[in-house]
Amino acid sequence: MKLHTTDVLIIGGGLAGLRTAIATRRRGLETAILSLVPAKRSHSAAAQGGMQASLGNAMKGQGDNEDVHFEDTVRGSDWGCDQRVARMFAHMAPKAARELAAWGVPWSRVRRGVHEAVMGGQPVLLTERDAAHGLIHARDFGGTKKWRTCYTSDGAGHAMLYTVSDRAVAEAIPVLERQEAIALIHDGFRCHGAVVRDLVTGELSAHLARATVIATGGYGRLYGVSTNALINQGMGAALALETGVARLGNMEAVQFHPTAIVPAGILVTEGCRGDGGVLRDADGHRFMPDYEPEKKDLASRDVVSRRMAEHMNRGKGAASPYGDHLWLDITMLGRAHIEKNLREVRDICHYFLGLDPTRDWIPVRPTQHYSMGGVHTDFRGESTTLSGLFACGEAACWDLHGFNRLGGNSLAETMVAGMLVGEYVADYCQSDLGELDLSPSLAREFVAREQAALAALAAGRGAEDATLIRRRMEEIMTRQVGLFRNGPDLEAAVTELQTLLERAQRLGMRHHGLDANPELVAAYRLPRMLKVALAITLGALVRTESRGAHFRDDHPARNDRDWLNRTLAWWPEGGCAPSLEHDPLDVMQMELPPAFRGYGVKNLIEHPEAAARQAQVDEMHAAKLDRHAAQSYLMSFKHFLPERYRGRNERLDEPLPGVAPASLPALSDDRQGAGKDAGATS
Amino acid sequence: MSRSLRFHVFRHNPRDAASAPSMQTYTLEETPGMTLFIALTRIREEHDPGLNFDFVCRAGVCGSCAMVINGRPGLACRTLTTALPDDVTLLPLPGFELIGDLSVHTGKWMHGLAQRLQTWVHTAGETDLDRIEAAMDPDLADAIYELDRCIECGCCIAACGTAQTRPDFMGAAGMNKVARFRLDPRDVRDDADWYEVVGDDSGVFGCMTLLGCQDVCPKQLSLQTQLAWLRRAMARQGVRG
């Protein structure tokens, strides 16, 4: 058996995993990353619109700060998030955007003077101030009070991933490509690393580590149509689930994005609407203002997606061979804007739909997009039940997004979580708890178990077909665990998924090889996917309320009285279904007490303590303290942050106390001389 | 009336001594909106679950699925079968280590390139993350992003005469990266530094100006322009010494 040891083992080479690795490496820890694909091919690359950070540079971002970002995030989550984590996040996001700027991300910059723009389909004039010229720009996104989403055209994920991935190369962090963790090595209390399969040779090895970090992204591919990359099959969640010890959080919280193209399911960014585009129905009518007069097309994603489905159910969808859809109209943004800031959208329309979005409307439909649920951790990113196991990014539920994530908060989360969790992982490794506990016999036992399971699977001569079972699972998840859910459908789904899980043990294989054999990969991932699907479905069945993206036709009210809590799921050893428990959120600790989110009609069963907490909060605000002081009294959080990240964020409108305002040295024209050929920009 | 498409696919497992490179033909009925991603997935699911190929994003952004499609390197995921004749020949990208069938190690090659060219911004000193970021000219930021759009798919290397004859040639992908960091005012490297890295036949002087790279780049990067400017700057630097 090949045995590797390292201080930190990171599973997943996307933005969250890479940034975590950079943090632990910089703390002097030996760090290795496992990745299914070359790091730059990770799904982070597909993020288009941008990352939220309250820099407040652009005119429409003026007055923005951590408080506003925090409130938007909590409201967006439908009060399902951990407010302490949301606070830490809002505080860190500007630092993350600035770090990326220093590392080389070519953020779009503010240009001084008057500009034509489009808001809600209508032309407007915006004037940018001189002082902001050349600072990081921001665009509008759904569910936010300010323009806060930093961007590079519509390739923000690509630009960030390439910068951070190359930064990891600079720090000599090994990324082991085409390596898949197939089991965590643990003793029931502590995680010691993972059993890893080489996807090219099929060879198994053991990687032992002080700390293991799951950063594998979401579980969108459990659904038949998803914007997610093909590798987002929930294997990180499955790794945790199969320990029988680690918990998954809020797995039923699954986001559907309003604008994926029909039929391919490829995302076109929320930036289309942020930049002024609108949704239209079969008659060409702009329908969102009828439902949501205030936020219109830029309501929270869960709201827009449901409104679209409702509108189609009323017969207003445009018919197509692939079922009904609606239209996204960005024609009024003009060719120049689309070719500069929405060029991926233009390419996607051109290559996959054969249309030109500067002239034609884009066929769109709500489609599975994001996993709010994931490996449950505390605010440090560590599992609450399995020491030494950490998780971050979309794979984790720490829990920033609650039941609905805001656009632009995902890219921001990958960086912030990497910066923070990386430090906490390093703290853990450098503490007594994190001593490397080398147990080759435990490793051997786990490798032998996996080897035997794979050999049995590869030899399989059963009657079942993995492709058919997977397709059925995708159909169940789409139809019965989708945008609208109800008790009987969910119950039937649980029963059938359990049957599929049983059937998945009796697969017939055409290729019996143990090396680069895609049939074998599909076969061993299938039961893992089904287990994760069961955790989602059971969570959705038990949660008899509607919150954020989890909507129950039979329980349409948000019920804070009974369900202001987090669903925790784990898979008991030898069981045939996950077990669930519910971890309450403490209203009396909240900085923003639960309230009506402001979409549609108010349908809310209030928490008995909400009014009392609101009174305390109102009293604090009435005292008219400085905003930092008020915040600190209500829900102090800075002491949880690593010391290096506790400083306030400077803004044009908010100079740092006792520090001269930034003089803004321009990184521009004068450097373009000798070495920088101006012609090379053409 | 739908067409019957014949896919002639390269098959080989380089780790199996018994495997000899061969072509295998699969026949599929064309469906509306069919891409090579859909076709190859169907071949794997319905005909041959052991067929190796790479797709990740299937949306034309991750660069995983480049292959030679009827003689021309391109991204399979966004190639519609309607643009192809009834016979479609699929080969792995040449110039990269073969994993099996249509799957090659472009990632490993590109990682080597990142190490060799040190494709990260070289700065002096730490940045204070609490302070307002340094300003950058908006046009310059846009110009850097323009060059930053390479997805490392490997098409330009597969289409390059020099890269196919000398394995140490960094290709248009490499040159474009040099151009990107050379343009970036955050990077302290100057032309004397760049000359050390690309000022020979494995770099900018190895280019034979065939410009297949420009023809096949799926992101339409201005590779021809970048090569020309870089060669001029390096020649100047070489003369200057």
Side-chain angles (χ1 to χ4, degrees), chain A residues 37-38 40-41 45-46 95 98-99 101-104 106-109 111 134-136 152-153 155 158-159 166-167 169-170 177 200 229-231 263 266 321 347-348 351-352 467 510-511 515-519 647-650 656 662 664-669 671 675-677 679-682, chain B residues 13 15 32-33 44-45 49-52 55-64 78 99-100 106-108 110-111 114-115 118-121 123 127 129-138 140-146 148-149 151-152 179 182-186 190-191 222 225-226 229 233:
Chain A
V37 296
K40 286 173 180 164
R41 315 262 191 243
K95 300 184 202 303
R98 287 167 176 168
E99 179 176 79
W103 284 358
W107 293 122
S108 289
R109 302 288 175 145
R111 201 181 296 269
L135 299 183
I136 299 172
T152 56
S153 183
H158 166 88
D166 283 336
R167 192 66 243 157
V169 177
E177 287 175 20
V200 176
L230 306 171
I231 50 175
I266 296 169
D347 276 3
I348 288 165
Y351 286 104
F352 294 92
T467 300
R510 291 170 55 174
H511 293 264
D515 69 341
N517 175 2
E519 187 181 14
R648 287 187 190 178
N649 298 308
E650 184 184 30
L656 294 179
L664 307 181
L667 272 176
S668 60
D669 313 312
R671 284 295 320 268
K676 317 268 169 189
D677 285 313
T681 66
S682 63
Chain B
N13 177 358
R15 288 169 313 286
R44 186 191 271 176
E45 290 183 352
L51 180 65
N52 270 295
F55 288 98
V56 179
C57 77
R58 62 79 176 87
V61 298
C62 79
S64 300
R78 70 177 200 190
I99 292 172
T106 47
K108 204 189 251 183
M110 294 295 170
H111 189 264
Q115 287 175 313
Q118 306 201 346
T119 51
W120 51 88
V121 165
T123 47
T127 309
L129 301 182
D130 298 343
R131 306 299 307 273
I132 291 178
E133 66 277 8
M136 178 184 274
D137 179 74
L140 180 58
D142 291 347
I144 294 170
Y145 175 67
E146 194 58 42
D148 201 55
R149 292 170 54 247
I151 58 172
E152 300 189 358
R182 201 168 155 269
L183 187 64
D184 196 325
R186 293 167 290 201
D190 62 16
D191 276 355
S222 55
T225 309
Q226 302 313 321
W229 278 98

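Quick note on labels: first sequence line is chain A, next is B, and so on, each numbered from 1.
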Which answer fits Thr467(A), side chain, backbone, both or neither, if we ask what part of it has an atom under 4.5 Å from a heavy atom of chain B? side chain
Find the distance between CG (Leu230(A)) and OG (Ser64(B)) and round it off to the nearest 0.5 Å. 9.0 Å
So which part of Arg15(B) gets closer than 4.5 Å to some heavy atom of chain A, the side chain, the backbone, both or neither? side chain
So, the part of Pro106(A) with a heavy atom under 4.5 Å from chain B: the answer is both
Side chain, backbone, both or neither of Val200(A) within contact of chain B (heavy atoms, under 4.5 Å): both
Validation row: His111(B), Pro38(A) side chains within 4.5 angstrom (heavy atoms): no
Show the nearest heavy-atom pair for residues Gly50(B) and Pro518(A), with the distance to one decimal. O-CD, 3.6 Å
Exam field: side chain His158(A) to backbone Asp148(B), donor-acceptor pair closer than 3.5 Å: yes
For Gly104(A) versus Arg186(B), what's the shortest heavy-atom pair and its separation? O-NH2, 2.9 Å
Partner of Arg41(A) by side chain to side chain contact (heavy atoms under 4.5 Å, CB included), out of Val61(B), Ile151(B), Thr106(B): Thr106(B)
Measure Ile136(A) against the heavy atoms of chain B and call it side chain, backbone, both or neither at under 4.5 Å. both
Lys/Arg N to Asp/Glu carboxylate O, Asp130(B) vs Arg648(A), below 4.0 Å: no
Is it the case that the side chain of Glu152(B) and the backbone of Lys40(A) share a donor-acceptor pair, with hydrogens and angles ignored and the cut-off at 3.5 Å? no
So, the part of Ile348(A) with a heavy atom under 4.5 Å from chain B: the answer is side chain
Shortest non-hydrogen pair, Ala134(B) vs Arg109(A), comes out as O-NH1, 3.0 Å
Is Glu177(A) in contact with chain B via its backbone, its side chain, both, or neither, using a 4.5 Å heavy-atom distance? side chain
Minimum heavy-atom separation for Thr127(B) to Ala102(A), with atom names? OG1-CB, 3.2 Å
Grab the two heavy atoms, one from Asp347(A) and one from Arg78(B), that are nearest each other, plus how far apart they are. OD2-NH1, 4.4 Å
